[in-house]
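These figures come from a predicted structure and were not determined experimentally. Chain identifiers are assigned alphabetically (A, B, ...) following the order of the sequence lines, protein sequences preceding nucleic acid strands; residue numbering begins at 1 within each chain.
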Protein chains: 2
Amino acid sequence: MRYSKIPNETVRRLPVYLRGLALMSRQGLSSVSSSKLADFVSVNPWQIRKDFSYFGDFGTRGVGYNIENLARQIKKILKLDTTRKTALVGVGNLGSAIMAYTGFGTYGFQITAAFDNDPAKIGRKMNDVAIESISMLDTLGKRQVDMAIIAVPEQAAQDVANALVRAGIKGILNFSPRRIVVPKKIKVITIDIATDLARLPYYIP
Amino acid sequence: MRYSKIPNETVRRLPVYLRGLALMSRQGLSSVSSSKLADFVSVNPWQIRKDFSYFGDFGTRGVGYNIENLARQIKKILKLDTTRKTALVGVGNLGSAIMAYTGFGTYGFQITAAFDNDPAKIGRKMNDVAIESISMLDTLGKRQVDMAIIAVPEQAAQDVANALVRAGIKGILNFSPRRIVVPKKIKVITIDIATDLARLPYYIP
DNA sequence: CTATGTGAATTTATTCACAGCA
DNA sequence: TGCTGTGAATAAATTCACATAG
């Protein structure tokens, strides 16, 4: 089934596998079976094997998967094999939390630019990244940054998105609960905390 | 098709519709068609109608949906028709961002308790909610709080989850990138910023 | 004449069960 | 023998097309 169309759901699960593998690797393990990984990430073993089968032979029958190799393959599929420069727009509480978050390394992300419109913040450093004025967004294109995280108040989200598009950004992770409109060649993933929370009561008896 | 099993994906979309409706309502609109709502929330009109059809007749043929009524119905389905008391555990950057977030009101959530283990924070107030010591988590059961948001560092997540379970919490929104293990009658939704970000490069040409 | 509501068709995803290889 | 890899079977979700109600 190799190399034909990859289900969206599989793409959604790959980063989860990757995180599990990174954790196992840090624990000193070098090999893992689909059922061990399954326990770790709460997905069925056959689902995991099926997901991998879309790409090729990652494992060894009777043995399992080599963790390093598997992680490398998944990174390649997700195009995470080169370090990705990412810009953060909005350095409020949420933005600071994102900045402080160490989990990005696993996926090869590096936040190399941060923007805010608060004069008190501009010029300061966070994690070795200087906070710049929002008006500098246009310069991103020249700096090989092709992804951005929007963590600004709802009302400002669309303006920021427009500026990011002008700067040539190709993917946006949007944390504002506002639908943002961009040319359709630009991929947007929106995370709205409240809509996720809102599903919870439905499942509570 | 009324009242039979409701697709998970439909449940996932309902809060999105609800947010769109709230926004439209604030704009002074009182009625909406499936295609207008579709534009607003980026879902196809027939998908919207199908979703609603699992529950009953919400609309008027030839006219559309009454916004107030539709919102009320969706809230009822999602069990959001009573105010839900929610606890926040971890008042760092992420926790503060969550606390400051105004979007919860739409869904009837009210953060009525906040916990942290930093003595400097305990006793202080945020949004009229006093920050309590983590050791007070046990008291939640008596306070009619049945949902919690975990926004603590990765290593502390499981301990907090255990305490929440002991306190009788029934649903958890987990922001730490760590799988947490709880009895299966308790519903957990995990949001890991990095795994969402990690999907982005795949879709970038 | 308009926009809903829904069976039927189609597409997509999950699960199974087992052949094939180390 | 043990665990992968994958066709085939099943289940779930989406899309279509149109009858139906206001």
Novice: Counting the atoms with a prime plus P, OP1 and OP2 as sugar-phosphate, which does B:R12 contact under 4.0 Å by heavy atoms, base, sugar-phosphate, or nothing?
Specialist: nothing
Novice: Rounded to whole angstrom units, what separation is found between the CD atom of A:Q47 and the C1' atom of C:dT15?
Specialist: 8 Å
Novice: Nearest whole Å is fine: how far is C:dT4 C1' from B:L70 CG?
Specialist: 12 Å
Novice: Taking the side chain of A:K50 as its heavy atoms from C-beta onward, which of D:dG5, C:dG5, C:dT15 lies nearest to it?
Specialist: C:dT15
Novice: Measure from the side-chain heavy atoms of B:S53 and tell me the nearest of D:dA13, D:dT6, C:dG5.
Specialist: C:dG5
Novice: Map A:G62 and B:W46 onto DNA chain C by nearest heavy atom, then report which one ends up closer to the 5' terminus.
Specialist: B:W46
Novice: Picking from C:dT14, C:dT4, D:dA13, which would you name as closest to the side chain of B:S33?
Specialist: C:dT4
Novice: Looking at B:R13 and B:D51, does any basic side-chain N land under 4.0 Å from a carboxylate oxygen?
Specialist: yes
Novice: Between B:F104 and B:Y101, does the ring centroid distance fall short of 6.0 Å?
Specialist: yes
Novice: Are any of the side-chain nitrogens in B:R143 or B:E132 under 4.0 Å away from the carboxylate oxygens of its partner?
Specialist: yes
Novice: For the side chain of B:R61 and the base of D:dT20, is some donor closer than 3.5 Å to an acceptor across the two?
Specialist: yes
Novice: From the list C:dT15, C:dG7, C:dC18, which nucleotide is the closest neighbour of the side chain of A:R49?
Specialist: C:dC18
Novice: Whole angstrom is fine here: how far is it from CG in B:D51 over to P in D:dT14?
Specialist: 7 Å
Novice: Could you please name the option among D:dT15, D:dG22, D:dT14 that lies closest to any side-chain atom of B:N44?
Specialist: D:dT15
Novice: A:Y65 and A:F58: aromatic ring centres closer than 6.0 Å?
Specialist: no
Novice: Rounded to the nearest angstrom, tell me the gap between atom NZ in A:K5 and atom C1' in C:dT12.
Specialist: 8 Å
Novice: With a cut-off of less than 4.0 Å, is there a side-chain N or O of A:Y65 near OP1 or OP2 of D:dG5?
Specialist: yes
Novice: Between B:S34 and C:dT4, is there a side-chain N or O to OP1/OP2 distance below 4.0 Å?
Specialist: yes
Novice: Please report, rounded to the nearest Å, how far the P atom of C:dG7 is from the CZ atom of B:F52.
Specialist: 18 Å
Novice: Between P on D:dA12 and CG on B:N8, what's the gap in Å once rounded to a whole number?
Specialist: 10 Å
Novice: Rounded off to whole Å, could you give me the CD1-to-C1' distance for the A:I67 and D:dT4 pair?
Specialist: 16 Å
Novice: Is it the case that A:R179 places NZ or CZ above or below the six-membered ring of B:F40, under 6.0 angstrom from the centre and within 45 degrees of the axis?
Specialist: yes
Novice: Rounding to an integer number of Å, can you tell me how far A:E9 CD sits from C:dT11 P?
Specialist: 19 Å
